[in-house]
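A short worksheet on the structure shown next.
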Protein chains: 2
Amino acid sequence: MSEVQSETAAGPEERDVTELVLQDILTGMLPAGTWLKQIDLERRYDCTRPEVRRALDRLSQKRLVAHVPNRGYHVYQPDDRRAKEVGDIRVILETAVADMMVANATADSIATLRGLAKYFDEMTLTGTILEHYEANLAFHRELLLLGGNQELVDLVSEIRQRTSSAPVSQWRTRARIEKSGREHHMMIDALEAGDAEELKRLIAQHIRQPADAPK
Amino acid sequence: MSEVQSETAAGPEERDVTELVLQDILTGMLPAGTWLKQIDLERRYDCTRPEVRRALDRLSQKRLVAHVPNRGYHVYQPDDRRAKEVGDIRVILETAVADMMVANATADSIATLRGLAKYFDEMTLTGTILEHYEANLAFHRELLLLGGNQELVDLVSEIRQRTSSAPVSQWRTRARIEKSGREHHMMIDALEAGDAEELKRLIAQHIRQPADAPK
DNA sequence: GTTACCAATATTGGCGCCAATTTAGGATAC
DNA sequence: GTATCCTAAATTGGCGCCAATATTGGTAAC
């Protein structure tokens, strides 16, 4: 074929189309407002029509894309109000288990967190935008895991995607990214020191970056 | 046709199959562990195969049913750990906005809540199990709405379904239901009195009924 | 009498076709 | 020259068929 194939399609094994579209939305390859024509996606990800439709249906359930009957699906336009509200929810959930995190922290878990924070910093320099996003996710998942509530970990991962429609590209400012990296280490410090209040303060500040920035 | 048709299928207008299956799971018509054969659902709800499949896919995304490849879908077995964790999350979220609820409460909103609480009590006596469930939902939605965070309202409605796999039928004990009804009114009282702390206490107690009972 | 194997049946799930609706472009009338 | 209507292309979305796989029941062998 002479037409351009997405490199994601040439992956080693067959991966779920939903994941692929999700990643491309998160990384900004499919900007907010883009109409997701089924035939385009079919070719882009080298998959069948039903697969495309299942992916679009799932993403619209997650409210990452909007569905207009007989018109099609398009990437959600970021909504300031929603972004703020989701940020608030995240602050509520993630600070709520700070005491538990301090209580459950062990030398092992702190070492793991240090590693993940370091990996995030490395990805800032050398990684792709997706790797960077996932490194960030991994750190926060591991941190939340100390809260002892598996459902909460999953829930936060879920709602985190909810306003990430345009977000990851907002990480552009290097200053902000580096600040995020430093904050990760400060959180681990607070955890190590057993200072739950400081940890809560850091988490809240980390989430509420000006203009719903990264995390 | 001589075979038995579900009365839900004979509804006034065509409703979404996903909703219908969801309701039947919530009301206990489809008990936990039941295998949801596509051909059965097709006949039960008088719909087509693709509709059934879309519904099953959506419900498995919501983790209300489990999908075993080449075996089919079955209603999730309630999990004690998950039930507890979801309960904890709900306590976190719903108590977190208690201050806002008190701050935003008006004479109008309190009157509306009284009406909904009263309606819940009526449904205890005269309504179907589904009407009762929805009356409860309506009350809590209206209450949460005072928190001023629309996303949070939707999120709670969502996770509320997450462990409701067997739950609504657990409302059997009349004593518990009546206790729930009374608690609704006590919450409104606390709201009216501007006592946020008491409201938080009531909400937490209301959610954490022994053995993850109603709400 | 019990167990293991095999065949028949039933169920899942992938895939493509076609009708319905929308959109865009062109031609005609004013 | 501009606006409106009509026709043609494109896109969505509903529906059914068929192959792949699991399950069940029967049969034969030990």
Side-chain angles (χ1 to χ4, degrees), chain A residues 1-6 8-11 13-22 24-25 30-77, chain B residues 1-6 8-11 13-22 24-25 30-77:
Chain A
M1 298 239 183
S2 60
E3 57 183 309
V4 183
Q5 289 280 50
S6 167
T8 49
E13 304 128 29
E14 289 295 329
R15 291 198 54 195
D16 183 16
V17 192
T18 313
E19 284 298 313
L20 297 175
V21 181
L22 180 63
D24 284 350
I25 292 174
L30 297 170
T34 310
W35 282 95
L36 300 170
K37 296 197 192 117
Q38 297 182 4
I39 224 173
D40 288 345
L41 300 182
E42 203 172 326
R43 288 199 268 252
R44 191 171 207 274
Y45 303 105
D46 187 36
C47 58
T48 64
R49 181 63 62 98
E51 280 178 305
V52 169
R53 262 201 273 191
R54 189 156 46 103
L56 288 172
D57 186 64
R58 285 180 178 177
L59 292 173
S60 70
Q61 291 294 306
K62 288 186 180 173
R63 298 174 49 184
L64 261 142
V65 305
H67 176 45
V68 186
N70 291 322
R71 290 282 306 277
Y73 299 79
H74 63 89
V75 181
Y76 241 72
Q77 210 72 31
Chain B
M1 298 245 183
S2 60
E3 58 183 307
V4 183
Q5 288 281 48
S6 167
T8 48
E13 304 127 29
E14 289 295 330
R15 290 198 53 194
D16 183 17
V17 190
T18 313
E19 284 297 313
L20 297 175
V21 181
L22 180 64
D24 284 349
I25 293 174
L30 296 170
T34 311
W35 283 94
L36 300 170
K37 296 197 191 119
Q38 297 180 4
I39 221 171
D40 289 346
L41 300 182
E42 202 172 326
R43 288 199 267 253
R44 191 171 208 274
Y45 303 105
D46 186 35
C47 57
T48 65
R49 181 62 60 97
E51 280 179 304
V52 169
R53 257 198 276 184
R54 190 157 46 106
L56 288 172
D57 185 65
R58 285 181 178 177
L59 292 173
S60 70
Q61 291 294 306
K62 288 187 180 174
R63 301 178 42 188
L64 261 143
V65 306
H67 176 46
V68 186
N70 291 322
R71 289 283 306 279
Y73 299 80
H74 62 89
V75 182
Y76 241 71
Q77 210 73 30

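Below, chain A is the first sequence line, B the second, and so on; all start at residue 1. All heavy atoms count here, side chains included; hydrogens, waters and symmetry mates do not.
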Is any side-chain heavy atom of A:Val52 closer than 4.5 Å to a side-chain heavy atom of A:Arg43?
no
Does any part of the side chain of A:Leu64, heavy atoms only, come nearer than 4.5 Å to the side chain of A:Tyr76, both counted from C-beta?
no
Not counting sequence neighbours, which residues clear salt bridge (charged side-chain N to carboxylate O under 4.0 Å, His left out) with A:Arg54? List them please.
none
In chain order, what residues pass the side-chain contact (heavy atoms from CB on, under 4.5 Å) check against A:Arg49, with sequence neighbours excluded?
A:Gln38, A:Ile39, A:Glu42, A:Arg53
Passing option when A:Val65 is tested against A:Thr34, A:Leu30, A:Val21, A:Leu36 for side-chain contact (heavy atoms from CB on, under 4.5 Å)
A:Leu36
For chain A, the stretch of DNA chain D it reaches, first to last nucleotide, under 4.0 Å of its heavy atoms
D:dT12 to D:dG14
If the condition is side chain to side chain donor-acceptor pair (under 3.5 Å), which residues does B:Thr48 pass it with, not counting sequence neighbours?
B:Glu51
Applying side chain to side chain contact (heavy atoms under 4.5 Å, CB included), run through B:Val68 and B:His74 and close with a yes or a no.
CA-CA 8 Å; B:Val68 186; B:His74 62 89; 4.2 Å; yes
Closest non-hydrogen atom pair between B:Leu59 and B:Leu22, with its separation:
CD2-CD1, 4.1 Å
Contacts of A:Arg49 and B:Gly72 projected onto DNA chain C by closest heavy atom; the upstream (5') one is B:Gly72
Check the interface with nucleotides 22-25 of chain C: list each N/O to N/O pair with the protein under 3.5 Å, or write none.
unit_1	atom_1	unit_2	atom_2	d
C:dT23	OP1	A:Arg71	NE	2.6
C:dT23	OP1	A:Arg71	NH1	3.0

For residues A:Leu56 and A:His67, determine if any side-chain heavy atom of one lies less than 4.5 Å from a side-chain heavy atom of the other.
no
Whole-Å distance, A:His67 NE2 to C:dT21 C1', equals 13 Å
Donor + acceptor pair across side chains of B:Tyr45, B:Asp24 (<3.5 Å)
yes
At 10 degrees resolution, what angle do the end axes of the helix from C:dG1-D:dC30 to C:dC30-D:dG1 form when each is taken over five base pairs?
0°
